Novice: 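Mind having a look at this structure? Questions to follow.
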Amino acid sequence: MGSAGDAGVCALWRWAEGPEERRLLELFSYGLMALGAVSSLLLRFIPMPYGRYSSRRFGWLLPARPAWVVQELPSLLVPLGLAVCGGAVAAARPNRVLLGCFLLHYAHRALIFPLLIREGKPTPFFTFVLALLFCAFNGYLQGRSLTTYATYPAGWLGGSRFITGFLGWLIGMAINIHSDHILRNLRKPGETGYKIPRGGMFEYVSGANFFGEILEWFGFALACCTIESFAFALCTLFILSSRARQHHKWYLEKFEDYPKDRKIVIPFLY
Ligand code: NDP
């Protein structure tokens, strides 16, 4: 199948390349920030309908594992396809490293995280479609930026912005994976209920996995220094801090002995 079709798709991407597409990516980035802000407002009234807030009101219920795989895959496949078609920008070392960070996160999120889920609640069709569209859109935004437009001066990988951002990305990802591991292990096989998470960053915040993910994408944004990566980090902050707030409130209502000094999502602050 192949090479002729691949060349066709790549030719299409090359045709689209230019100042107009660059401007479009910028507009999409402002759109992503606005989407995050509006979602955060809406989420004050309606909890994001999946996991513990899953409901038939939002469409057929899909099993959690395949839903996670399919909805997250575009964030892996779209940038990968763009990298395959990429030219000199995609081949530059900083771009390969930064795109590698993004792809590593989504290889884990789409291919490993779903297999580890224990008795996760089903995902409503509406939420599944929203997540799928978001991942396709953001996969294009980050992938296109890093394979076609973001250029870095010599020595970028040794500079303070990249190193600080990369460390934030790495530590954030480690916190995210470790916190999800803690949550998973709260359930014995066959159990579907909820317990108070303890240990790791859960000693400080209710949304430790979300804190890790927020830190990860702000680190990535600093390492990339692009408007596209900053918009993604901001959107993640809006959405995941809302989900963390809902979880925090839910825990306080559900468990009388829930630690009262635990913050919502940012240790010691919020
Ligand atoms: P949750 O914390 O809501 O749930 C994670 C998993 O742990 C689910 O399987 C859940 O089961 C289980 N779980 C959660 N709390 C408990 C508890 N107290 N006791 C027992 N089991 C529990 O996370 P999300 O599902 O919202 O997110 C999963 C991952 O995806 C996170 O790492 C998050 O950062 C990431 N994500 C990223 C987004 C982004 O914008 N970048 C957006 C959304 C998620 P159940 O399903 O039964 O509730």
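This structure is a prediction, so every number in the text was calculated from the model and none was measured. Numbering of ligands and ligand atoms starts at 1, following listing order.
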Novice: More than 12 heavy atoms of other residues, nucleotides or ligands under 6.0 Å from NZ of Lys195: yes or no?
Specialist: yes
Novice: Is it the case that ligand 1 has an N or O less than 3.5 angstrom from some N or O of Arg109?
Specialist: yes
Novice: Ligand 1 and His247, any nitrogen or oxygen pair closer than 3.5 angstrom?
Specialist: yes
Novice: Given the ring of Tyr251, does Arg52 sit roughly above its face, with NZ or CZ under 6.0 Å from the centre of the six-membered ring and within 45° of the axis?
Specialist: yes
Novice: Taking the six-membered ring of Tyr106 as reference, does the NZ or CZ atom of Arg109 fall below 6.0 Å from its centre and within a 45° cone about the axis?
Specialist: no
Novice: Would you say His178 has more than 12 foreign heavy atoms packed within less than 6.0 Å of its NE2?
Specialist: no
Novice: Here's one to test your reading of the geometry: is the NZ or CZ of Arg262 within 45 degrees of the ring axis of Tyr258 and under 6.0 Å from its centre?
Specialist: yes
Novice: Give the atom numbers and elements of ligand 1 that come within less than 4.0 Å of a heavy atom of Arg243.
Specialist: 3 (O), 24 (P), 26 (O)
Novice: Counting both backbone and side chain atoms, is some N or O of Lys195 under 3.5 Å from an N or O of ligand 1?
Specialist: yes
Novice: Please report whether atom 20 (C) of ligand 1 has a protein non-hydrogen atom at a separation of less than 4.0 Å.
Specialist: yes
Novice: I'd like to check atom 38 (C) of ligand 1 in this structure: does the protein have a heavy atom lying under 4.0 Å from it?
Specialist: yes
Novice: Should you measure from each heavy atom of Asp180, which atoms of ligand 1 turn up under 4.0 Å away?
Specialist: 29 (C), 31 (C), 32 (O)
Novice: Can you tell me if Ile239 has a non-hydrogen atom under 4.0 Å from ligand 1?
Specialist: no
Novice: Nearest protein heavy atom to atom 45 (P) of ligand 1, by residue and atom, and its distance?
Specialist: Tyr194 OH, 3.3 Å
Novice: Distance to the ring centre below 6.0 angstrom and angle to the axis at most 45 degrees; does that hold for Arg243 and Tyr53?
Specialist: no
Novice: Of Phe58, Tyr50, Trp60, which is the lone residue that meets ring pair (Phe, Tyr, Trp, His ring centres under 6.0 Å) with Phe125?
Specialist: Trp60
Novice: Quick one: does NZ or CZ of Arg161 land under 6.0 Å from the six-membered ring centre of Trp156, within 45 degrees of the ring axis?
Specialist: no
Novice: Among all protein heavy atoms, pick the one closest to atom 46 (O) of ligand 1 and tell me residue, atom and distance.
Specialist: Lys121 N, 3.1 Å
Novice: Can you pull out the closest protein heavy atom to atom 44 (C) of ligand 1? Residue, atom name and distance to 0.1 Å, please.
Specialist: Tyr50 OH, 3.6 Å
Novice: Going by the order shown, which atoms of ligand 1 are within less than 4.0 Å of some heavy atom of Asn176?
Specialist: 31 (C), 32 (O), 34 (O)
Novice: Does the plane of the ring in Trp250 sit parallel, tilted or perpendicular to the ring in Phe255? Use 30° and 60° as the thresholds.
Specialist: perpendicular
Novice: May I ask which of Ile117, Leu183, Thr127 has a heavy atom nearer to atom 5 (C) of ligand 1 than the others do?
Specialist: Leu183
Novice: Validate the cation-pi geometry between Arg187 and Tyr194: distance from NZ or CZ to the six-membered ring centre under 6.0 Å, angle to the ring axis within 45°.
Specialist: yes
Novice: Quick check on contacts: which atoms of ligand 1 are under 4.0 angstrom from a heavy atom of Gly193?
Specialist: 20 (C)
Novice: Would Cys235 count as a contact of ligand 1 if the rule is a heavy atom under 4.0 Å away?
Specialist: no
Novice: How about CZ on Phe126, more than 12 heavy atoms from neighbouring residues, nucleotides or ligands closer than 6.0 Å, or not?
Specialist: no
Novice: What do the steps show when you test Leu141 against Phe232 for side chain to side chain contact (heavy atoms under 4.5 Å, CB included), and what is the final call?
Specialist: CA-CA 9 Å; Leu141 195 62; Phe232 178 39; over 6 Å; no
Novice: Given Arg187, Arg52, Arg118, Glu213, which has its nearest heavy atom closest to atom 10 (C) of ligand 1?
Specialist: Arg187
Novice: So with a 6.0 Å cut-off around CZ of Arg96, is the heavy-atom count from everything else above 12?
Specialist: yes
Novice: Answer yes or no: does an N/O atom from Tyr251 fall short of 3.5 Å to an N/O atom of ligand 1?
Specialist: yes
Novice: Could you tell me whether some N/O pair between Trp68 and ligand 1 is separated by less than 3.5 angstrom?
Specialist: no
Novice: For Gly51, take its heavy atoms, then give the atoms of ligand 1 lying under 4.0 Å from any of them.
Specialist: 46 (O), 48 (O)
Novice: Hey, is Leu240 touching ligand 1 through its side chain, its backbone, both or neither, going by heavy atoms under 4.0 Å?
Specialist: side chain
Novice: Nearest protein heavy-atom contact for atom 2 (O) of ligand 1: which residue, which atom, what distance?
Specialist: Asn209 ND2, 3.0 Å
Novice: So between Phe238, Phe113, Phe232, whose heavy atom ends up nearest atom 28 (C) of ligand 1?
Specialist: Phe113
